[in-house]
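Reading through the structure tokens given below for one structure.
First the proteins, then the strands, lettered A, B, ... as listed; each starts at 1.
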There are 2 protein chains.
Amino acid sequence: MASDADDLAFDVFSRQCPSRSTLEHVTGRWGSLTLGALYEEGLRFNALRRRVDGVSEKMLSQTLHALERDGLVLREAQPVSPPRVDYELTPLGREVAERLLGLIRLVEGRMDDVLTARSRYDETRGGR
Amino acid sequence: MASDADDLAFDVFSRQCPSRSTLEHVTGRWGSLTLGALYEEGLRFNALRRRVDGVSEKMLSQTLHALERDGLVLREAQPVSPPRVDYELTPLGREVAERLLGLIRLVEGRMDDVLTARSRYDETRGGR
DNA sequence: CAGGATCCGTCTTGATACTG
DNA sequence: CAGTATCAAGACGGATCCTG
């Protein structure tokens, strides 16, 4: 009864659990946005880069590798010239992205509340 | 029809949207675990630190400040000695934590798949 | 176009020590 | 107990050059 996770094989709250790293890939700064973007439609590298405003090539590449390794993203390279590589979600990636998108929409939809809380907080502490 | 977010006031995919920073606080390495831990029960600073295995005092403190500022966490300091400060979720924080926990449980529950994908990936590229 | 490799400055992290 | 201050190490991010 100590916690809901006691009967799970993988407990993300524990430091060395492998699920922790996956959660970090998924919720990481670029991971969440990448999965969110791919949920809408499969995209090519540069299209994805444009959609996820602010990622560098390096970070996007790194993020995609991690997600592909975790089995969340599928990479399909077509041997044509110029090269064409499509990224899309796997079924598991799709499930993850759904939850993520739910979270994203919730945050987006409640930003007024957040902004209000922010200014109230800042007033109280004299904007430090 | 380009994207689902076109009709939203806040678009997290855009670099300068304030919702992006909130999403980062929420999904950040420690933010997600902190919210997840507080969903189960309100906790004091050090109890929280023990629950979220691996956080440093500094990071936990920083994380809590950010979440409090965003209106997701409530900080209740009691003027007693020794000091006692309880942290708990606000209603909005609770909603966010629910989604987060859904995501966490999904990841935990599918780690077998992830681990399988990982080893398959590593084999293919010669374990790099 | 799709990225890997490298250099380098900056921001984040995590111990550790210290305060109320 | 509940934090803040400090400092060193490493992760991160950007720019650039290069390959296929």
Side-chain angles (χ1 to χ4, degrees), chain A residues 13-16 20-21 23-34 37-38 41-69 73-88 121 124-126 128, chain B residues 15-16 20-21 23-34 37-38 41-69 73-88 121-122 124-128:
Chain A
F13 287 102
S14 174
R15 197 194 322 215
Q16 48 243 313
R20 180 102 139 212
S21 63
L23 185 69
E24 278 169 22
H25 296 155
V26 166
T27 62
R29 171 140 54 186
W30 303 119
S32 57
L33 296 175
T34 301
L38 286 178
E41 51 180 341
L43 289 171
R44 301 173 61 178
F45 189 83
N46 280 310
L48 199 48
R49 190 152 133 60
R50 259 169 267 124
R51 180 80 178 101
V52 181
D53 190 26
V55 235
S56 65
E57 293 183 359
K58 190 168 109 180
M59 283 303 102
L60 181 56
S61 174
Q62 205 169 102
T63 300
L64 285 169
H65 279 310
L67 295 177
E68 187 194 353
R69 192 168 99 100
V73 160
L74 206 62
R75 189 193 122 106
E76 291 181 288
Q78 293 170 45
V80 299
S81 183
R84 178 186 179 95
V85 182
D86 283 88
Y87 290 94
E88 55 184 81
Y121 181 95
T124 305
R125 336 255 149 161
R128 81 151 301 231
Chain B
R15 195 194 323 215
Q16 47 243 314
R20 180 102 138 213
S21 64
L23 186 70
E24 278 168 23
H25 297 154
V26 166
T27 61
R29 170 142 54 184
W30 304 118
S32 57
L33 296 174
T34 301
L38 286 177
E41 52 180 341
L43 289 171
R44 300 173 61 178
F45 189 84
N46 280 311
L48 199 48
R49 190 152 134 58
R50 258 170 267 125
R51 180 81 178 103
V52 180
D53 190 28
V55 232
S56 65
E57 295 181 356
K58 186 169 120 183
M59 283 303 102
L60 181 56
S61 173
Q62 204 170 105
T63 300
L64 285 168
H65 280 311
L67 295 177
E68 189 195 351
R69 192 168 100 98
V73 160
L74 205 63
R75 189 193 122 107
E76 290 182 288
Q78 294 170 44
V80 298
S81 181
R84 179 188 178 94
V85 181
D86 283 270
Y87 290 94
E88 56 184 79
Y121 181 96
D122 290 346
T124 305
R125 338 253 147 159
R128 115 162 268 234

Nearest-Å distance for atom pair [atom1]/[atom2], residues [X] and [N]:
X: Met59(B); N: dA9(D); atom1: CE; atom2: C1'; result: 14 Å
X: Arg84(A); N: dG3(C); atom1: CZ; atom2: P; result: 12 Å
X: Gln78(A); N: dG20(D); atom1: CD; atom2: C1'; result: 16 Å
X: Asp53(B); N: dT13(C); atom1: CG; atom2: C1'; result: 16 Å
X: Glu57(B); N: dC1(D); atom1: CD; atom2: P; result: 10 Å
X: Leu64(A); N: dG3(C); atom1: CG; atom2: P; result: 7 Å
X: Phe45(B); N: dT19(C); atom1: CZ; atom2: P; result: 18 Å

Report task. Record whether the side chain of Lys58(A) comes under 3.5 Å of the base of dG14(D) through a donor-acceptor pair of N or O atoms. Result -> yes

Verify the contact: side-chain N or O of [X] to OP1 or OP2 of [N], cut-off strictly under 4.0 Å; return yes or no.
X: Arg50(A); N: dC1(C); value: no
X: Arg29(A); N: dC12(D); value: no
X: Trp30(B); N: dG14(C); value: yes
X: Tyr87(B); N: dC1(D); value: no
X: Ser61(B); N: dT4(D); value: yes
X: His65(A); N: dG4(C); value: yes
X: Arg44(B); N: dA2(D); value: yes
X: Ser56(A); N: dG14(D); value: yes

Requested in this report: Show the numbers, then the answer: is there a side-chain contact (heavy atoms from CB on, under 4.5 Å) between Val80(B) and Arg84(B)?
Outcome: CA-CA 7 Å; Val80(B) 298; Arg84(B) 179 188 178 94; 4.0 Å; yes

Report task. Select from Arg15(A) and Arg75(A) the residue whose nearest nucleotide in DNA chain C is closer to the 5' end of that strand. Result -> Arg75(A)

Query - Lys/Arg N to Asp/Glu carboxylate O, Arg69(A) vs Asp122(B), below 4.0 Å - result: yes

Query raised in the report: Is the closest side-chain heavy-atom distance between Ser32(A) and Thr27(A) below 4.5 Å?
Result: no

Query raised in the report: Parallel under 30°, tilted from 30 to 60°, perpendicular over 60°: which one fits the rings of Phe45(B) and Tyr87(B)?
Result: tilted

Report task. Would you indicate what Arg49(A) reaches in the nucleic acid, counting non-hydrogen atoms under 4.0 angstrom: base, sugar-phosphate, or nothing? Result -> nothing

Report summary line: Which of Asp86(B), Leu43(B), Val55(B) passes side-chain contact (heavy atoms from CB on, under 4.5 Å) with Leu48(B)? Answer is Leu43(B)

Query - 5' priority, DNA chain D, between Gln62(A) and Pro82(A) [closest heavy atom] - result: Gln62(A)

